[in-house]
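Here's the structure, in structure tokens; my notes come after.
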Amino acid sequence: MQFANIDQELELARTRGAVRDIVIPPCPELLVALQREVQGGDPDPAGIAQIASQDVAMAAALIRYANSPLFARSRPAGTVGEAIAMLGVKQTVGVLTGFFTRAAIRVNSALLEHFWETSTRRSLAMAYIARHMYGMDFEVAQTCGLFCHVGIPVMLQGVKGYAGTLAEALARQDRSFTATENAAHKTDHAVVGALVAKTWKLPPVVTAAVRLHHDFDIFPVPSIPAEVRNLVAMSLLAEHLVALHEGTRESQEWAQFGASCMAHLHIDQAELQVWADALHPVFENVV
């Protein structure tokens, strides 16, 4: 898959492909308002606070995040405004995007009981990794981590028989998750997740990284932007760090491609272990 072909592939999939009958959830109105607020380049914290304060649970989540062990503030935030001041606009936008996404895409499946907890941990891990990499935008990384697997619940809601495919894909070790999806449905959660990202007008690099996050042969391909390649490598590292914390088995992809992702990012095993230790209290705080 070439970067230049992604938009064309997604458009064809949406109009004539296997996903044409899947209902892609519309971008939540408050997220549209948030995107509008930050598009000008000089977002007003008061405007963002007004958006965040429209939902009590959302405001509480923002304050809880600002007071999490990730930041270790000497004085806790007590209001939405204080939380935004502590986090900064970019970090606040990432947290609110996660809240809007969880509210818009419901997960009602025993197979995905902890889907949003895992997704939140993945997004936090990617933001953490981005902060340790030169030139990476942590907000973009955080958003990418949140949306990597968002196609799974969308397919679960809109594709007949996908629940059985999901159970099979989670259990099989002889072929990849996406190969099992494509064998049954002629599409996969990477395509559907990228369609969600594109429909919601997320940054193009996020859409591309979500589409390619299982394609680990892209690292030497110069036509794919370096930021996209880095996000794909970071996504597998984040997935591994979350799996270590949650006590799930090592994935087939980590066993096969973990070393190449670490080499691409110039990360060694010792540094990965330091990250795992640092992220433990952050992951524990995810509810």
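In this text the structure is predicted, and so the values were computed from the model without any measurement. Position 1 is the first residue of the sequence; numbering continues from there.
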For this session: Give a yes or no answer on whether the side chain of Asp188 reaches the backbone of Asn182 with a donor-acceptor pair at less than 3.5 Å.
Result: no
Exercise. Looking at Glu11 and Lys198, does any basic side-chain N land under 4.0 Å from a carboxylate oxygen?
Worked result: no
Exercise. Between Ser68 (side chain) and Tyr65 (backbone), is there a donor-acceptor pair under 3.5 Å?
Worked result: yes
Exercise. So do Cys27 and Lys201 actually touch side chain to side chain, heavy atoms under 4.5 Å?
Worked result: no
For this session: Would you check if Met262 and Glu271 make a side-chain contact, meaning some heavy-atom pair closer than 4.5 Å?
Result: no
For this session: Rounded to the nearest 0.5 Å, what's the gap from CG on Leu30 to CG on Leu96? Could you check?
Result: 9.5 Å
Exercise. Do Val282 and Arg121 have side-chain heavy atoms sitting under 4.5 Å apart?
Worked result: no
Exercise. Atom CD of Glu181 and atom NE2 of His189: how far apart are they, to the nearest 0.5 Å?
Worked result: 5.5 Å
Exercise. Just by distance, do the side chain of Arg211 and the backbone of Ile6 share a donor-acceptor pair under 3.5 Å?
Worked result: no
Problem set entry | Tyr128 OH to Leu279 CG distance, which is reported to the nearest 0.5 Å | 5.5 Å
Problem set entry | Glu82 versus Gly78, closest heavy-atom pair with distance | OE1-N, 2.7 Å
Exercise. Looking only at atom types and distance, does a side-chain atom of Trp200 sit under 3.5 Å from a main-chain N or O of Pro25, one as donor and one as acceptor?
Worked result: yes
Exercise. Hey, do the aromatic rings of Phe177 and His214 have their centres closer than 6.0 Å?
Worked result: no
Problem set entry | Heavy-atom side-chain contact between Met136 and Met234 under 4.5 Å | yes
Problem set entry | ILVMFWY network linking Val140 to Phe138, side-chain heavy atoms under 4.5 angstrom | no
For this session: Could you give me the CA-CA distance, side-chain angles and deciding distance for Val232 and Asp215, then say whether side-chain contact (heavy atoms from CB on, under 4.5 Å) is met?
Result: CA-CA 8 Å; Val232 170; Asp215 294 352; 6.0 Å; no
Exercise. Where the side chain of Ser260 meets the backbone of Phe257, is there a donor-acceptor pair that is under 3.5 Å apart?
Worked result: yes
For this session: For the residue pair Arg172 and Gln252, establish whether any side-chain heavy-atom pair is separated by less than 4.5 Å.
Result: no
Exercise. So, does His245 use its side chain to make a donor-acceptor pair with the main chain of Val242 at under 3.5 Å?
Worked result: no
Exercise. How many angstroms lie between NZ in Lys90 and OG1 in Thr92, if you round to the nearest 0.5 Å?
Worked result: 12.0 Å
Problem set entry | Approximate separation, where rounding is to 0.5 Å, of Ile105 CD1 and Gln157 CD | 7.5 Å
For this session: Given side-chain contact (heavy atoms from CB on, under 4.5 Å), test Trp254 with Leu244 step by step and report yes or no.
Result: CA-CA 12 Å; Trp254 179 256; Leu244 286 175; over 6 Å; no
Exercise. Can you get from Leu170 to Val159 by hopping between Ile, Leu, Val, Met, Phe, Trp and Tyr side chains that sit under 4.5 Å apart?
Worked result: yes
For this session: Report the distance from atom CD of Glu113 to atom CG of Asn108, rounding to the nearest 0.5 Å.
Result: 12.0 Å
For this session: Kindly work out whether a path of hydrophobic side-chain contacts (I/L/V/M/F/W/Y, heavy atoms less than 4.5 Å apart) joins Leu111 to Val192.
Result: yes
